[in-house]
Amino acid sequence: MAIRIMDAMTNNPLLTPSSLPYRVPDWAAIKPEHIVPAATELMARQREVWEEVATNTEPATAKNTVHVLEDAGLPLSLGLSAAFTLMSSIGGDELDAIQAEVYPLLTEHGNTYRLDKRIYDRFAAIDLDSVDAETRRYVEEELKEFKRSGIELNESDKARLREMDSDLSALEVEFSQRVVKAMDDNAPVFADVAELAGLPADRIDGAQQKDGTYRFPLDNFTNQTLQVDLDSPQARAKVLEASLSRGLGAHESSDTREIVLKIAKLRAERAELLGYPFHAQAVAEAGMAKDSEAIVELLGTVAPKAVEAVERDRGKLEELAKADGHELGQADYTYYQEKLRAELGLNDNALKPYLKLENVVEKGIFFAAEKLFGITFKPREDIAGYVPTMKTWEVLDANGEGIGLFQGDFYRRAGKSGGAWMNAAVTGSVHDATLPVILNNCNFAEPKDGESTLLTWDHVITVFHEFGHALHGLLTTAN
């Protein structure tokens, strides 16, 4: 064991910047056992710099405070970005256990900084008239964040805040992991293939189990894509019930009820300690809304219009359901919405052959990016991802100069977080002299060898949406 720990420190790819192009993480070299030792070491190094800044007797300036603190954060940021990518995109029991260990450590690390009055006083002492507008804005926002984080609390309350934040971090990690497990735990199972009438043959084949049943892991939203195609109203209802009952105790490994209550109570106590009436106000103040009532008012203007749209269509959907001999149920909406679209000449299954994943990516989002921003994408087969199905492209500007990397991980796997998202393995920064390495993740079913991934129109929208976030990360010129 001692040899393994020593090896995780001396041969740890997370402790030094990657030597690969664009500092892209050497995914093949990173092992789960590297993450905790690297995070612990990099946090310790950063705290040493924090202490130097806190005890600096020279007058506080942007150079000796803001820039020093910024530089001290880069190694940890690079290491954690790679680790977090693997936790969300690979997952599984080993990485889940590491995530549960690391997050409370990071929470305490953050509080060490945010609750240090000496560092706060350094920021407060910077002459804002002597700095550029960007730095001024940064310092002002940092001072607000220190206050929101409890810098003005007494020592006893700070100790209680640290305790609550540690507990919340552990609970929130456990909750998110159980949400992922619930997609598999609550997978609806069908014994008779006749119940699956309407589903494409490839989807039925992919769901067949060794015992002859058909099992469908859930998507990360309420209404399931299965409901769009299943002809049987009973089958649709079974799928929606499986989706709605996630986390409600049918499976111990994904039961979230007690965790949700604990999180809610701790968040309420934390908000009160920090001087907020409730948790939502604490969150809102840190964002654009500033006030939770503003969020409620916005939702109040949107919700009635959404209900009106549903009511406008419901009559047509009820007619379609009645023609099939049954009443319209809550599991039937997407099925009959698709039928209604088909009447207008829009049919997902008819469109699918034209919506191959590789075409949507290379002839869709890349084409649009070139027309809009003058950037092009060059395949880099020499730069591997963390799974064989990942693809990498170098992003070139109008002059042919490389400005970053784009990596796509489009397929579902056990343990992977649900939904779709963008994240940065390396954040682009002028100050840090880093060019961006941006990833898009989706959860499409992986095709059999020799077959293509055919997308629905909603999937195409998802690919374009997430690539919009990727463009934000790729084209950044932020310091």
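Keep in mind it's a predicted model, so treat the numbers as computed, not measured.
The backbone N or O of Gly428 sits nowhere less than 3.5 Å from a side-chain atom of Thr476 that would complete a donor-acceptor pair. Looking only at distances, no side-chain donor or acceptor of Lys31 sits under 3.5 Å from a matching main-chain atom of Asn12. Checked by atom type and distance alone, the side chain of Ser130 pairs as donor or acceptor with a backbone atom of Asp127 at under 3.5 Å. Although no hydrogens or angles enter the test, the distance criterion places no donor-acceptor pair under 3.5 Å between the side chain of Thr135 and the main chain of Val131. Although no hydrogens or angles enter the test, the distance criterion places no donor-acceptor pair under 3.5 Å between the side chain of Asp165 and the main chain of Glu108. The backbone N or O of Leu328 lies less than 3.5 Å from no partner atom in the side chain of Arg314, so there is not a single donor-acceptor pair. Gln281 contributes a side-chain N or O that, together with a main-chain N or O of Ser292, makes up a donor-acceptor pair within less than 3.5 Å. Between the side chain of Gln227 and the main chain of Gln224, a donor-acceptor pair closer than 3.5 Å is present. Remark: the backbone N or O of Arg162 is not paired with any side-chain donor or acceptor of Asn111 at under 3.5 angstrom. With Ser254 contributing its side chain and Asp185 its backbone, the two residues share no donor-acceptor pair below 3.5 Å.
For His67, the NE2 atom sits in a packed shell: over 12 heavy atoms of surrounding residues, nucleotides or ligands are nearer than 6.0 Å. Other residues, nucleotides and ligands contribute over 12 non-hydrogen atoms within 6.0 Å of the CG atom of Asp132. Surrounding NZ of Lys391 are at most 12 heavy atoms belonging to other residues, nucleotides or ligands under 6.0 Å away. In this structure, Glu258 places its CD atom where only 12 or fewer heavy-atom neighbours from other residues, nucleotides or ligands lie under 6.0 Å away. Within a 6.0 Å sphere centred on CD of Glu140, other residues, nucleotides and ligands contribute more than 12 heavy atoms. Within 6.0 Å of the CZ atom in Arg341, the count of heavy atoms belonging to other residues, nucleotides or ligands exceeds 12.
When all heavy atoms of Ser149 and Leu115 are compared, the pair lying nearest together is O-CD2, 3.4 Å. Between Leu248 and Asp255, the closest heavy-atom pair is C-OD1, 4.1 Å. Contact detail for Arg412 and Asp219: the closest heavy-atom pair is NH1-OD1, 3.5 Å. Closest heavy-atom contact between Asp96 and Gly91: OD1-CA, 4.3 Å. Across all their heavy atoms, Leu471 and Phe373 have their closest contact at CD1-CE1, 3.8 Å. Across every non-hydrogen atom of Leu274 and Gly150, the tightest pair is CD2-CA, 3.6 Å.
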Can Phe467 and Phe377 be said to form a ring-ring contact (aromatic ring centres under 6.0 Å, His included), step by step? CA-CA 13 Å; Phe467 189 67; Phe377 295 78; 5.8 Å; yes

Check against side chain to side chain donor-acceptor pair (under 3.5 Å), Asn223 and Ser243: CA-CA 7 Å; Asn223 278 300; Ser243 178; over 6 Å; no

Let me see the working for Asn423 and Thr85 under side chain to side chain donor-acceptor pair (under 3.5 Å), right down to the final yes or no. CA-CA 8 Å; Asn423 70 286; Thr85 296; 2.8 Å; yes

Going through the checks in order, is the side chain to side chain donor-acceptor pair (under 3.5 Å) test met by Thr456 and His459? CA-CA 5 Å; Thr456 66; His459 289 157; 3.3 Å; yes

Can you list the steps and then say if Arg380 with Glu394 is a salt bridge (charged side-chain N to carboxylate O under 4.0 Å, His left out)? CA-CA 6 Å; Arg380 290 293 302 263; Glu394 185 174 14; 3.0 Å; yes

Begin from the C-alpha positions of Trp27 and Tyr386 and carry the test ring-ring contact (aromatic ring centres under 6.0 Å, His included) through to its verdict. CA-CA 5 Å; Trp27 299 116; Tyr386 43 79; 5.2 Å; yes

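Of the charged side-chain nitrogens involved, at least one lies within less than 4.0 Å of a carboxylate oxygen, so that Lys117 and Asp121 count as a salt-bridged pair. Salt-bridge formation is not detected for the pair Glu48/Arg45: no Lys NZ or Arg NE/NH1/NH2 atom is positioned less than 4.0 Å from an Asp or Glu carboxylate oxygen. Remark: Lys181 does not engage Glu252 in a salt bridge, criterion side-chain N to carboxylate O under 4.0 Å. Checked for salt-bridge contact, Arg137 and Glu141 meet the test: a charged N lies under 4.0 Å from a carboxylate O. We find that Arg215 and Asp184 are joined by a salt bridge, their nearest charged nitrogen and carboxylate oxygen being less than 4.0 Å apart. Between Arg267 and Glu172 there is a salt bridge, since at least one side-chain N of the basic residue sits less than 4.0 Å from a carboxylate O of the acidic one. A salt bridge is absent between Lys265 and Glu269; no separation between the charged side-chain nitrogens and carboxylate oxygens falls under 4.0 Å.
Ring-centre distance between Tyr113 and Phe146: below the 6.0 Å cut-off. Checked against the 6.0 Å centroid threshold, Tyr22 and Phe406 do not count as a close aromatic pair. Checked against the 6.0 Å centroid threshold, Phe367 and Phe464 do not count as a close aromatic pair.
Side-chain atoms of Ser89 and Asn441 include a donor-acceptor pair closer than 3.5 Å. A side-chain N or O of Asn186 and one of Ser245 form a donor-acceptor pair less than 3.5 Å apart. Looking at Asp409 and Thr389, their side chains never bring a donor and an acceptor atom within 3.5 Å of each other. One side chain, Thr453 or Tyr411, offers a donor N or O that lies under 3.5 Å from an acceptor on the other. A donor and an acceptor atom, one from each side chain of Asp71 and His431, are located under 3.5 Å apart. For Asn443 and Arg413, the side-chain atoms include no donor-acceptor pair closer than 3.5 Å.
In this structure, Thr334 OG1 and Leu240 CG are separated by 8.5 Å, a value rounded to the nearest 0.5 Å.
A side chain to side chain contact (heavy atoms under 4.5 Å, CB included) with Ile383 holds for exactly one of Leu405, Asp26, Val437, Leu20; it is Leu405.
The aromatic rings of Trp50 and His109 lie parallel to each other, their planes meeting at an angle below 30°, with 60° marking the opposite boundary.
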